[in-house]
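Residue numbers start at 1 and run along the sequence shown.
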Amino acid sequence: MSFPLLTVTAAVPAVGAVATAAVPAARREAAKWVALAFSLATLVLAAVQLVRFDPDAPSGKGGPFQLTESHAWISDFGVRYELGVDGIGVVLVALTALLVPFVVLAGWHDADPLEPAAPNRRWRPTQGFFALILMVEAMVVISFEATDVFLFYVFFEAMLIPMYFLIGGFGDRAGERTEDEAARQRSYAAVKFLLYNLAGGLVMLAAVVGLYAVTADQLGHGTFSLTEIVQARASGRLHFATVTERALFLGFFFAFAVKAPLWPVHTWLPNAMGEATAPVAVLITAVVDKVGTFAMLRFCLQLFPGASKWATPVIIVLALISILYGALLAVGQRDIKRLIAYASISHFGFIILGVFAMTTQGQGGATLYMVNHGISTAALMLVAGFLISRRGSRLIADYGGVQKVAPVLAGTFLVGGLATLSLPGLAPFVSEFLVLVGTFSRYPVAGAVATVGIVLAALYVLVLYQRTMTGPVKEPVRAMPDLRVRELAVVAPLIALLLFLGVYPKPVTRILDPAVEHTLSQVDRTDPEPDVRVSNAEGAK
């Protein structure tokens, strides 16, 4: 393409971040509108990517990637500015671009100055809040588009900085904590998020350097190009020694497991989501964390297919632990946002289980789950944020009878919760069903254990709804207003998408499936033959 569509899609929110930050301090409302305008412009560009992407196009010299761009960057070290999207990448770019405008709208007042009556509290720079959101969007988009390993690594790590400031500088105001106590807890959550992810990134950096050394030794020139490495491996020009491949795989996988997050490197997520504002919590789990599971498919499986198969049994066990551990801890939570955080850990366990089941249904379900989980978690968390902002508390025990005074809020909360437990007819059901079918076909015991997570999900979602929305109306809830127009504009499209994709997921699966098949072919995996047993009489026929 002569027009660099992928670069422009990533550049628009970055430019928007600068423009938002440059708005004069006294014009907070103008900064919000600037941020919203740039997020909508990014959505339009992502839609153009979807239209231009042809899921039926055969793979060319650039592999399965389309809309490709390639330019020299750091030639002496084999680093190129290479972008391209396959079906998985283009859909996740669209998901990111879709959710960010809702994040901006939902957080419209989250960074406004606190009441003048509290002069000891710090002023919250509105422009900075929305600029950081757009900067995260830009880095996530280019991470989904990058086909050069070093380029991906740069933005994989760089997105931690704006996220750190969003968590530590613009945390949740709910609760009866003093500002100093709340600031300490936000700081703890932000530092924990940064340290965990930096540790994963440093391990990955060592693996990236090792990958360069191997390519330089065997190809005569070092390269980070995913396409070139995969093609060289397929042609026999590049061969990893078993120990080397496994070591490099573990370096990449560890970083992605932290980002995902996968048990036991998950503990940063409940703190980060609990202390962040609801829109930022959506940005964490529905957008940023998807980079981890996406990278497992793009880099771990395609660069190191032998090591991926070698590590599969252990990873499946870790995914099962994530499913059950996250769900069990969600059941016992007293904090609404932490409950949703632990539920997300359980859901990421399903996604990773589907990825490493290495079947068409499993990986197809996992990639679809990334999309559906993003939408359902956004719907539930944003409505929970609207609820918490009205009552000023994250504790479940402080609510009761909300459906009698705010029926629309309660109804949307219920739909978001039912989507989280994968109710048939809502989008996550299709993806979770495919993950379980794909897992059963190759690992029946793992598939059976994973189904327990579904039962636990029903328990924590329905108990949460019962305790907050039903029963007698508690006095602090009695004057609670229902959803306002701006809030309805955030929630209604997400609910509509959950219903549409729950009934008709084909528009998404048609784009995803060819990329899934290509990934399986790189790992040299085919679906297991069905165990069909026929009687002797039927066999004689």
Any side-chain heavy-atom pair of [X] and [Y] under 4.5 Å:
X	Y	result
R298	I88	no
V282	F102	no
F254	M204	no
F440	T451	yes
F193	L160	yes
S187	V191	yes
M163	L166	yes
L421	I454	no

Shortest non-hydrogen contact from [X] to [Y]?
X	Y	value
A46	A94	CB-CA, 4.0 Å
A450	L436	CB-CD2, 3.7 Å
A106	V490	N-CG2, 3.9 Å
I167	A276	CG1-CB, 4.5 Å
V516	G364	CG1-N, 3.9 Å
E245	G306	OE2-N, 3.0 Å

Donor-acceptor list for residues 283-292 side chains, cut-off 3.5 Å, not counting sequence neighbours:
| residue | atom | partner | partner atom | Å |
| --- | --- | --- | --- | --- |
| T285 | OG1 | S344 | OG | 3.3 |
| K290 | NZ | T285 | O | 3.0 |
| K290 | NZ | H373 | ND1 | 2.9 |

Is there a side-chain contact (heavy atoms from CB on, under 4.5 Å) between V280 and D110? Walk through the geometry before answering.
CA-CA 10 Å; V280 173; D110 285 357; over 6 Å; no

Which value, rounded to the nearest 0.5 Å, describes the distance between [X] atom [atom1] and [Y] atom [atom2]?
X	Y	atom1	atom2	value
E137	M139	CD	CE	12.0 Å
F304	K309	CZ	NZ	15.0 Å
K337	L380	NZ	CG	12.5 Å
L262	I352	CG	CD1	4.0 Å
I375	I495	CD1	CD1	10.5 Å
L501	S431	CG	OG	9.5 Å

Donor-acceptor pair, [X] side chain versus [Y] backbone, under 3.5 Å?
X	Y	value
D482	V408	yes
K259	F156	yes
R394	G274	yes
T412	L409	yes

Hey, what's the ring geometry for F256 with F299, parallel, tilted or perpendicular (30° and 60° as the breaks)?
tilted

Quick one, I388 with Y399, criterion side-chain contact (heavy atoms from CB on, under 4.5 Å). Give me CA distance, side-chain angles, the key distance, then yes/no.
CA-CA 10 Å; I388 291 167; Y399 295 87; 3.9 Å; yes

Would you please name every residue forming a ring pair (Phe, Tyr, Trp, His ring centres under 6.0 Å) with [X], sequence neighbours left out?
X	answer
F129	F170
Y342	none
Y460	none
F130	none

Taking salt bridge (Lys or Arg N to Asp or Glu O under 4.0 Å) as the definition, give me every residue that meets it alongside [X], ordered by chain and number, with sequence neighbours left out.
X	answer
R338	none
E487	R390, R484
D513	none

If you take the centroid of each ring, where Trp contributes its six-membered ring, are F348 and H266 closer together than 6.0 Å?
no

Derivation and outcome, side-chain contact (heavy atoms from CB on, under 4.5 Å), residues F356 and L301:
CA-CA 9 Å; F356 283 89; L301 268 62; 3.8 Å; yes

Residues K192, E275; criterion side-chain contact (heavy atoms from CB on, under 4.5 Å); working and verdict
CA-CA 12 Å; K192 189 173 184 179; E275 292 304 321; over 6 Å; no

Only distances under 3.5 Å count here; give the side-chain donor-acceptor pairs of residues 462-473 to other protein atoms, sequence neighbours excluded, each with its distance to 0.1 Å.
| residue | atom | partner | partner atom | Å |
| --- | --- | --- | --- | --- |
| Y465 | OH | Q403 | OE1 | 2.9 |
| T468 | OG1 | L464 | O | 2.8 |
| T470 | OG1 | Q466 | O | 2.4 |

Which atom pairs, donor and acceptor, lie under 3.5 Å between side-chain atoms of residues 311-323 and protein residues at least two apart or in another chain?
| residue | atom | partner | partner atom | Å |
| --- | --- | --- | --- | --- |
| T312 | OG1 | S308 | O | 2.7 |
| S322 | OG | W263 | N | 2.8 |
| S322 | OG | L318 | O | 3.2 |

So with a 6.0 Å cut-off around CZ of R334, is the heavy-atom count from everything else above 12?
no

So which pairs with a foot in residues 417-429 pass side chain to side chain donor-acceptor pair (under 3.5 Å), sequence neighbours left out?
S422-E432

Side chain to side chain donor-acceptor pair (under 3.5 Å): which pairs involve residues 153-169, sequence neighbours left out?
none

